[in-house]
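The structure appears below as structure tokens.
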Amino acid sequence: MKLIIAVIKPFKLEEVREALTAIGVQGLMVSEVKGYGRQAGHTEIYRGAEYVVNFVPKVKLELVVPDNQVAKIMETLTNTARTGKIGDGKIFVLDVEQAVRVRTGEAGEEAL
Amino acid sequence: MKLIIAVIKPFKLEEVREALTAIGVQGLMVSEVKGYGRQAGHTEIYRGAEYVVNFVPKVKLELVVPDNQVAKIMETLTNTARTGKIGDGKIFVLDVEQAVRVRTGEAGEEAL
Amino acid sequence: MKLIIAVIKPFKLEEVREALTAIGVQGLMVSEVKGYGRQAGHTEIYRGAEYVVNFVPKVKLELVVPDNQVAKIMETLTNTARTGKIGDGKIFVLDVEQAVRVRTGEAGEEAL
Amino acid sequence: MRYLSKLAAPVAALAASPAFAQAAPTVDKGDTAFMLIATVLVLMMTIPGLALFYGGLVRSKNMLSVLTQVFAIVSITCVIWVTYGYSLTFSDGGSMNSYIGGLSKAFLRGVDYNSIAATFSNGVYIPEYVYICFQMTFACITPALIVGAFAERVKFSSLIFFCAMWVTFVYFPIAHMVWWWGGPDTLAAGATALAAAGTDQVAIDAANAMIFANGKIFNWGALDFAGGTVVHINAGIAGLVGCLVIGKRIGHGKEAMPPHSLVMTMIGASLLWVGWFGFNAGSNLESNGITALAMINTFVATAGAAVAWLFIEWLLKGKPSLLGMVTGAVAGLVAVTPASGFAGPMGAMVLGAVASVVCFFFCSTVKNRFGYDDSLDVFGVHCVGGIIGALATGILVNTALGGAGIPDYLSQPGTLQVAPYVFSVAFMAQVKAVLFTLLWSGVGSFILFKLADLIFGLRPTPDVEREGLDLAEHGERAYAL
Amino acid sequence: MRYLSKLAAPVAALAASPAFAQAAPTVDKGDTAFMLIATVLVLMMTIPGLALFYGGLVRSKNMLSVLTQVFAIVSITCVIWVTYGYSLTFSDGGSMNSYIGGLSKAFLRGVDYNSIAATFSNGVYIPEYVYICFQMTFACITPALIVGAFAERVKFSSLIFFCAMWVTFVYFPIAHMVWWWGGPDTLAAGATALAAAGTDQVAIDAANAMIFANGKIFNWGALDFAGGTVVHINAGIAGLVGCLVIGKRIGHGKEAMPPHSLVMTMIGASLLWVGWFGFNAGSNLESNGITALAMINTFVATAGAAVAWLFIEWLLKGKPSLLGMVTGAVAGLVAVTPASGFAGPMGAMVLGAVASVVCFFFCSTVKNRFGYDDSLDVFGVHCVGGIIGALATGILVNTALGGAGIPDYLSQPGTLQVAPYVFSVAFMAQVKAVLFTLLWSGVGSFILFKLADLIFGLRPTPDVEREGLDLAEHGERAYAL
Amino acid sequence: MRYLSKLAAPVAALAASPAFAQAAPTVDKGDTAFMLIATVLVLMMTIPGLALFYGGLVRSKNMLSVLTQVFAIVSITCVIWVTYGYSLTFSDGGSMNSYIGGLSKAFLRGVDYNSIAATFSNGVYIPEYVYICFQMTFACITPALIVGAFAERVKFSSLIFFCAMWVTFVYFPIAHMVWWWGGPDTLAAGATALAAAGTDQVAIDAANAMIFANGKIFNWGALDFAGGTVVHINAGIAGLVGCLVIGKRIGHGKEAMPPHSLVMTMIGASLLWVGWFGFNAGSNLESNGITALAMINTFVATAGAAVAWLFIEWLLKGKPSLLGMVTGAVAGLVAVTPASGFAGPMGAMVLGAVASVVCFFFCSTVKNRFGYDDSLDVFGVHCVGGIIGALATGILVNTALGGAGIPDYLSQPGTLQVAPYVFSVAFMAQVKAVLFTLLWSGVGSFILFKLADLIFGLRPTPDVEREGLDLAEHGERAYAL
Ligand SMILES: Nc1ncnc2c1ncn2[C@@H]1O[C@H](COP(=O)(O)OP(=O)(O)O)[C@@H](O)[C@H]1O
Ligand SMILES: Nc1ncnc2c1ncn2[C@@H]1O[C@H](COP(=O)(O)OP(=O)(O)O)[C@@H](O)[C@H]1O
Ligand SMILES: Nc1ncnc2c1ncn2[C@@H]1O[C@H](COP(=O)(O)OP(=O)(O)O)[C@@H](O)[C@H]1O
């Protein structure tokens, strides 16, 4: 099993989720993160004080999937999350040794 | 060392934390995530507009532990986090190559 | 490629980010987490009710980097994040099998 | 509202009183202006005031449920009030008059923009519509106060039903018993008639009937300037009964349930203080020196109470908290309510401080000792504070303590005199009023809660309670930041 | 504001009327006190009231843009008002008088702290400065209402330009046409002159000129107590035009756009209700029984409307929501605005409920059917509610329905009589006023939006819209929790 | 508050004046109604107004500390005020009278609900309790203004101690010096006596003593209608001293410290504007044309200032910000405070705009240049704006500029005349008042801060400051969303 971590633009979330469901992904976790990268941040001014904010709001998707699905999911992710503009994000893949479903105690791919 | 990632129901957090401390876990990280899975979401209505929300609030626990403790921890997690209802969550295990404690610079299992 | 996960004290974030940029890190993700560890929490009192909060606010940095940079980054992280007081945090290293840049589809280290 | 003392004393004393010629009723635009605004202030103290004070204290998943409950109660009570509430409270109830009014003014029949209502000065009146509105805001806030006692765990349908029943069978009667009277001029006329009656028993009876055509508790001579009994004790005890009938929140005592936004609570507390001037000063129905007295008392009692809680908590718990201070302020406001037009400023300040300390003890110790889950301390603050205030009023009204004295409309018809103060008389009247209210509201509320439970079920399912009432009952989320 | 009925009826009827001696103008401190506070209340209902009601409904990334728009509109309109707005609205416009006032009072020339303004009672006046301020708050809130229709997607520069133009070419004229008149004493003088004129045509014409030197719509005999036409229909239709010209928000219908803080929306709604008493009751310019009538109507219509929406939504959508209830309350407030001093309480309550249900239908069904993106339902609530209220006013004013009746200053100069009610006359006047306003504001707003688009561009770039107007246009974030 | 001009001019001029018969003091219910509400408005502008305006600007970890400080200061000052503050400020101080009052009214001795206080019109009075409350709210808000200068880094214990000392040794004296006078009737009596005295030196001295038994600054003839000097300069300079003594926040200039909720700041600013009408208009103590003048000035100066800041920031910084606009509004409110009853609307509007631009310069440039950490710009807005307003008052009062003119109670005893305007005299009086206040408050505050530091330590430990004052000092969190 693999853990796929994807950082994407927030407004792409729904679209991506639907695309993933469409290809059979049954579960994932989403968290809001502040991203730092090539994409420029912005400047805020409060009376006298000026702050340069280098972070850009992003959402992080984490999903554990069977090895054989990785390729398909990666492809779907890249296609749906892409706008072609800087800041579209990244996808990382890590190996997962074990997975368990709390409710049933099932382990391995059954747990996904 | 292994990284254990557990997604559970928010109201179970305290109970789980206590159980883990009881079996000697000395540290972990908690973050709020939106979970997508079998557990149904809900519908919100604002005047004319209706929104189906597929995400369910969950908390994610991340803890790095020595290999020999993994089994015990997994067991404790499943037992305390379980309600038997859909949406109880998952536990994933990943391999960790290195760990360092910032304060002291200790590395490896000493760092945990 | 490796995934470096670092948990540090919130007010150290800017300093650390600058230090990392200085040594050539081009991207990372930041998320707010509640940390549990040796560092003591605090007590809150609301009229009759008293709550002991064991969690301490921390920020989690996640960055995927080429293997050859790991050492340098770890060092920079430990040096800049350190205050010497309990609760400075940890750094973990995991192996990453694949990385892709959504915008271009580039894979591997080019994607970082 | 004030009342007439002499009732306690032998009415024969009147014989002496000189004949009195009814002055033509006058309406002063200054009084009207003040009462219009006072009414608005009381509304503001309820929405958003009370709603925020309560809402800030619950968990965010239940925030909207609290706001919805308060706003809905206000709206529904308005409708009920003009339909039959005002009539039941402020009209003559014939044979039942000592307990409840009649239906002669249902749908505000017979009231138009020329109708006027009596104040506490002979010959001084205000437009009846203003009086109706002012009193309406009191009827609206009282049931809203109750919801804090069982916040986060009540079914909306059930609650709405309960409140509609509660104002009808508990609030209107109590308000009628405490506040319904003929007004200064009626008393003056009665007293004059009595004086003229000589030995003619028929005439004497007629005159007495005229003088005593008031609510039961009013006739006892109980003092309640702005609603310590009618509003706070009344709602406070209902809250306690409610939280006992409904039971504790899931996880109470086990899970942490910190207020989700003390900022909202602070805004609410501030608006409560601000609006309370309409509540207390407005209860004088005029814009004069007594109104000013009610205002200064409402300032100093609250300040004294806030400071008292701040320091006692600092002393006993180690830290001075915002929540503690504002809770103290509310306790002071509650306690000074019945006394606001009777006590002197120094007396009021002490009253506030004392009430604050006692309430602190109830909220932090008694509640934990007995383990009932009065979520937002409705009992600990409103009932306890109300009782202290009600009893203290019987003492602080004494001119010897800087009080304004007990009003007497009878000894010299057509004028407002100060009656001699007799502790036993004044204090016992207060005690009776308090006990009667606790009993009436306690029992009445219990029956109504049980009824609501039977019909709708008082409590949502555990899953709903876990998910939060906002999503489950109202289909909304308070925040999407 | 009220108006004079007789205008509809043959002026000959006057011949009969007795001569009348002008009473010396008096200023009552009670009236002044009330109007000062009423003015403050209207400001509060705009900031923070309206700003929060709207702001809570947008996504957090656009919160500040809404708050900034409302606050800026208020400030800029204040400046415009004292510069030339007041003069254009409330001074004689000479030859153009039926459409717009003149510039004789530009920069408030000739006004000082001794100047007085007429009320609706003969011989009763208030300081002109108070009148200027009170009317200013109306001019401030009206354009602010519009912004809700195209929230989250308009350029600030463009909006500011539009609003400055809009008050000048749409609001001031309409307000002048509906509300500008000579006042009771002028009419009395005119009527007397007319009576004295006998057959002398010159004198007759002079007298008539005096009587009819009012705004066009006023002379039609249309009733608008507090601004149903001038404020709500006027702003509501402008909003609709705006959201059509500007187009939908990116992602509208596709992405979820839940309100970011219904708590702010509830606070806003509550303050709207609270402040609206200044708006409606204040529109009587005095502190008397009619003022009290306006107040009670503003209470019950709103309550009735809130309850109506609560239950119909519960019935049709399955859940009673806070947003629904407060939207209903606002619909009720809008609907009762023109009727507040004319209808009776029961009529007002029914009016509120009816308006609420119709607005519910517009916001939940019609809007989706036609698919226009009126972000915060400015059209669905203010325009629709305003029309219902305006038309209903022509019916509920009927004394037979408990209404206050149509004021008549002419038949007995120097006194305020109630004119006989003729449905066709009263109702048609309302219909004409409504249609005229829809047309004037609709067309005017369209032109001005196009103009703004030409000069500044109405809409920000998609990227800016995505990032949110707060950061992109104002360089700030609403929350950093 | 106003003052008497003639003091500057030779009193001999009086000889001519006609004898004057004291009119019986009258209390108008309209005045009372207005002052009651004005008082409530000033409380609302402090809590929640000021508290939110400030609180929104700090980081969320310090939100509650700010709210607690403001609420606690208000409460404690109320207690101090009725205990000895009112007496020290508004009673005759015998030999010390030009600097401070006496203790004759400590614990409000001798005051009851029949006591009355003078206004600015001969023979017109209001209930003293109202006057006490109104002035109390001024005493409450002034120290609360100071906390903004060193928000996020002060120990609560220390701050409370400082404020209690500060009102006693700085506020009460200054308020007494600027505002304490005998009232119109005393002056009239004095002037008459003087006229009657002829050459009898004893009588002349007695009469003069009567006329000049006022505060020092008042006798200089300085104008301060509603507290530009007493409140804003006074608090502003204390703030500056405080932030210098306490030092910068940890991370100041290095870490980003964005406001945690500009929404709260906007609500606060709006309520400040709303409440300020009670502050400025209420300062006339009556409900008349001058009150209306104060109101319109408070509208236009604020609007002008808000617009000015909006556009200058847009021009110089590239974006129009909400925070900028509302800061401008507050600057305008501060600046118009001393001028509100003296200037004409156009003058006030210009004053607001000018003050806004100058304050903008101080907050954005001067502050950064000198690098002091006046967290919430108490100095840059209140002190600077206050000074501009105070000086401008000396100019705009001129009737030639549309001002109301300098009141003169002496030349024709029993009537209020307008004294001839002499720039040098009027302006110098203002300059002296400003400098004196800067000195007194500057030095006084410095001593008191040092004292507080000695006893309690002004500053929390770095760890506490890092964690945030809410948890560390008050044991609470503002938000648990
Ligand atoms: N090396 C990295 N490790 C982890 N996250 C990264 C890394 N580089 C970029 N990111 C994440 O991806 C987001 C987009 O990257 P960015 O460089 O801005 O644009 P692009 O993806 O088009 O190159 C960043 O905001 C950051 O959250
Ligand atoms: N493949 C997955 N990868 C990551 N997280 C998952 C995955 N499947 C489920 N989850 C997480 O586990 C939570 C519970 O899963 P769900 O399918 O709803 O119920 P159950 O755990 O009982 O099967 C989801 O809300 C989601 O956050
Ligand atoms: N075993 C662990 N796995 C994951 N996170 C950990 C672990 N131990 C500690 N942490 C994180 O590191 C933070 C600091 O650890 P702590 O024990 O408090 O101090 P120190 O790092 O100085 O030993 C904790 O708040 C927690 O977030």
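Below, chains carry the letters A, B, ... as their sequence lines are ordered, and counting in each starts from 1.
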Counting only heavy atoms closer than 4.5 Å, note whether [X] contacts chain D via side chain, backbone, both or neither.
X	answer
Leu323(E)	both
Met257(E)	neither
Ala305(E)	neither
Leu310(E)	side chain
Val40(E)	neither

Most heavy-atom pairs under 4.5 angstrom with chain D, which of [options]?
options	answer
Pro258(E), Ser287(E), Gly289(E)	Ser287(E)
Arg59(E), Met264(E), Met266(E)	Met266(E)
Ala404(E), Ala269(E), Ser60(E), Ala292(E)	Ala292(E)
Leu262(E), Leu322(E), Leu481(E)	Leu322(E)
Asp31(E), Val300(E), Thr291(E), Thr32(E)	Asp31(E)

Centroid separation under 6.0 Å, is that true for the rings of [Y] and [X]?
X	Y	value
Trp273(E)	Phe71(D)	yes
Phe156(D)	Trp314(E)	yes
Phe161(D)	Phe456(D)	yes
Tyr171(D)	Phe138(D)	no

For chain E, which candidate among [options] shows the most heavy-atom pairs at distances under 4.5 Å?
options	value
Asn114(D), Ile132(D), Thr46(D), Val82(D)	Val82(D)
Gly30(D), Ala72(D), Ala51(D)	Ala72(D)
Val130(D), Ile76(D), Val79(D), Thr83(D)	Val79(D)

Any donor-acceptor N/O pair, [X] side chain to [Y] backbone, under 3.5 Å:
X	Y	value
His260(D)	Gly55(D)	yes
Asp470(D)	Leu64(D)	yes
Ser115(D)	Val111(D)	no
Ser158(D)	Lys155(D)	no
Asn398(E)	Gly403(E)	no
Thr399(E)	Gly402(E)	no

For this session: Decide yes or no for Ser121(E) and Glu286(E): does some side-chain heavy atom of the first lie under 4.5 Å from some side-chain heavy atom of the second?
Result: yes
Give, as side chain, backbone, both or neither, the part of [X] having an atom under 4.5 angstrom from any heavy atom of chain E.
X	answer
Leu271(D)	neither
Met35(D)	neither
Thr77(D)	neither
Pro48(D)	both
Met44(D)	both
Ile267(D)	neither

Exercise. Counting heavy atoms not belonging to Phe107(D), are there more than 12 under 6.0 Å from its CZ?
Worked result: no
